[in-house]
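All remarks here apply to the structure that follows.
Start at 1 and go down the list; that is how both ligands and their atoms are numbered. Small disclaimer: the values here were computed from a predicted structure and weren't measured.
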Amino acid sequence: MRINSPKLNIMYKACMKASKSLIRDFGEIENLQVSSKGPGDFVSSADKRTEKIIIEEILKAYPDHGILSEEVGKINQKNKTNRWIIDPIDGTSNFLNAIPQFAISIGYEEDSQIKNGLIFDPIKNELFFAETGNGAFLNNSRIRVSKKKYLRHSLLGTGGPRSSSKIKNAIFHEFVKISKEVETPIRKYGSASLDMASVACGRFDGFWQRELSYWDVAAGIVIIKEAGGFVDFLDGEVDESKKRNLVATNSLIHKELLDLIKKKNIEKD
Ligand code: 2AM
Ligand code: CA
């Protein structure tokens, strides 16, 4: 592994340590699935355990750095300069259903700019990582976004909406609208961070999703950029807390996809 940056090193160490127990927990899920209680509580404690290991490793190295993490929320909020953004299990529903499509995602930002990102799929043993200015990698190899030029020939991914979404119909209509413009059916794999990693390494040509959280996408932002792709937030979102609606592409199909998303949905809500 060609990791020679201090921040990436910490991410890598934290992630490897956490993934050991996560893989063990994943192995238990199939048994729990057929039990009367189901795996719900077990998954939530696996989530918390993974998060705790990652946070401990980061704070051991940088005790005063800020943390934003899906389960515990914010730590060291006073530090506005250095912050780590963590999603301990991205793709929770997959994990819960014993589907091997989930990841640990860790981003690091300085002055609100994402500098480093790492996304680890512990089942496929795929480690995606990047540091600003130094390119993006999958395990030992440099990765690049795809070279597809036209939306019609592109393979796209998306996700959501949750049943609680207040804009469910608009999201479904957007899906229909975009589906009609691509030859290959759109993929919905259920892990936003791995969808972003897929754009970075050229498996997907683009990905968009509404109502995400910052921890779903923080690491993916720098990995896609360093792989030559483009990441945008819809509706002029600049404030991090409002950055929820994302479009990420190989850059060549970006305008075409963005224009289509912005075009009024034809079907009525
Ligand atoms: P999670 O597994 O950590 O909950 C599923 O489409 C993907 O989107 C997952 O990565 C899921 O993260 C993420 N996601 C986050 N917020 C979501 C939302 N409001 N609706 C749908 N998916 C969401
Ligand atoms: Ca997530």
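The single protein non-hydrogen atom nearest to atom 8 (O) of ligand 1 is Gln209 NE2, 3.1 Å, given as residue, atom name and distance. Residue, atom and distance of the protein heavy atom nearest to atom 9 (C) of ligand 1 are Gly190 O, 3.4 Å. Atom 20 (N) of ligand 1 has Arg162 CG, 2.9 Å as its closest protein atom, hydrogens excluded (heavy atom only).
Nearest heavy atom pair, residue Ser154 against residue Ile253, reads OG-CG2, 3.5 Å. Of all non-hydrogen atoms in Phe128 and Ile143, the two that sit nearest each other are CD2-CD1, 4.1 Å. Across every non-hydrogen atom of Ala219 and Ser105, the tightest pair is CB-OG, 3.4 Å. Smallest separation of non-hydrogen atoms from Trp208 and Thr158: O-OG1, 2.6 Å. Closest heavy-atom contact between Ile89 and Leu22: CD1-CD1, 3.6 Å.
Residues Phe26 and Phe102 bring their aromatic ring centres within 6.0 Å.
Below 30°, between 30° and 60°, or above 60°: for Phe204 and Tyr189 the angle between ring planes is below 30°, a parallel geometry. Taking the six-membered ring where tryptophan is involved, the planes of His65 and Tyr62 are essentially parallel, since the angle between them stays under 30° and well short of 60°.
Checking side-chain atoms of Asp90 against main-chain N and O of Ser193 turns up a donor-acceptor pair under 3.5 Å. A donor-acceptor pair under 3.5 Å is absent between the side-chain atoms of Glu109 and the main chain of Ile114, judged by distance alone.
Here is the list of ligand 1 atoms found below 4.0 Å of a heavy atom in Leu212: 8 (O), 13 (C), 14 (N). Short contacts between ligand 1 and Asp87, defined as distances under 4.0 Å to a heavy atom of the residue, involve ligand atoms 3 (O). Here is the list of ligand 1 atoms found below 4.0 Å of a heavy atom in Asp90: 1 (P), 2 (O), 3 (O), 9 (C), 10 (O), 11 (C), 12 (O). Within ligand 1, counting atoms from 1 as listed, the ones closer than 4.0 Å to a heavy atom of Gly160 are 6 (O), 21 (C). Each of the following atoms of ligand 1 lies closer than 4.0 Å to a heavy atom of Ile89: 3 (O).
Judged by a 6.0 Å distance limit and a 45° cone about the ring axis, Lys188 is positioned over the six-membered ring of Phe175.
Side-chain N/O atoms of Gln101 and Asn94 include no donor and acceptor closer than 3.5 Å.
For ligand 1, the polar-atom distance check finds no N/O of Gly159 at less than 3.5 Å from any of the ligand's N/O atoms. For the pair Ser191 and ligand 1, the shortest N or O to N or O distance does not fall below 3.5 Å.
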Subject >> From CA spacing to verdict: salt bridge (Lys or Arg N to Asp or Glu O under 4.0 Å), Arg203, Glu126 >> reply: CA-CA 13 Å; Arg203 292 173 188 166; Glu126 288 190 325; 2.7 Å; yes

Subject >> Residues Leu8, Met11; criterion side chain to side chain contact (heavy atoms under 4.5 Å, CB included); working and verdict >> reply: CA-CA 5 Å; Leu8 280 174; Met11 285 180 182; 3.9 Å; yes

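Both the backbone and the side chain of Ala192 come within 4.0 Å of ligand 1, counting heavy atoms alone. Contact annotation: for Lys188 versus ligand 1, there are no heavy atoms closer than 4.0 Å. Under 4.0 Å from ligand 1, the heavy atoms of Asp216 that appear belong solely to its side chain.
Proximity annotation for atom 1 (P) of ligand 1: of Thr92, Ile171, Asn94, Asp195, Thr92 comes nearest, heavy atoms only. Distances from atom 3 (O) of ligand 1 to the heavy atoms of Arg210, Glu70, Glu211, Lys168 show the closest one on Glu70.
Under a 4.0 angstrom heavy-atom cut-off, Leu194 registers as lying outside contact with ligand 1.
Counting only protein N, O or S atoms, the number found under 3.0 Å from the Ca ion (ligand 2) is 3.
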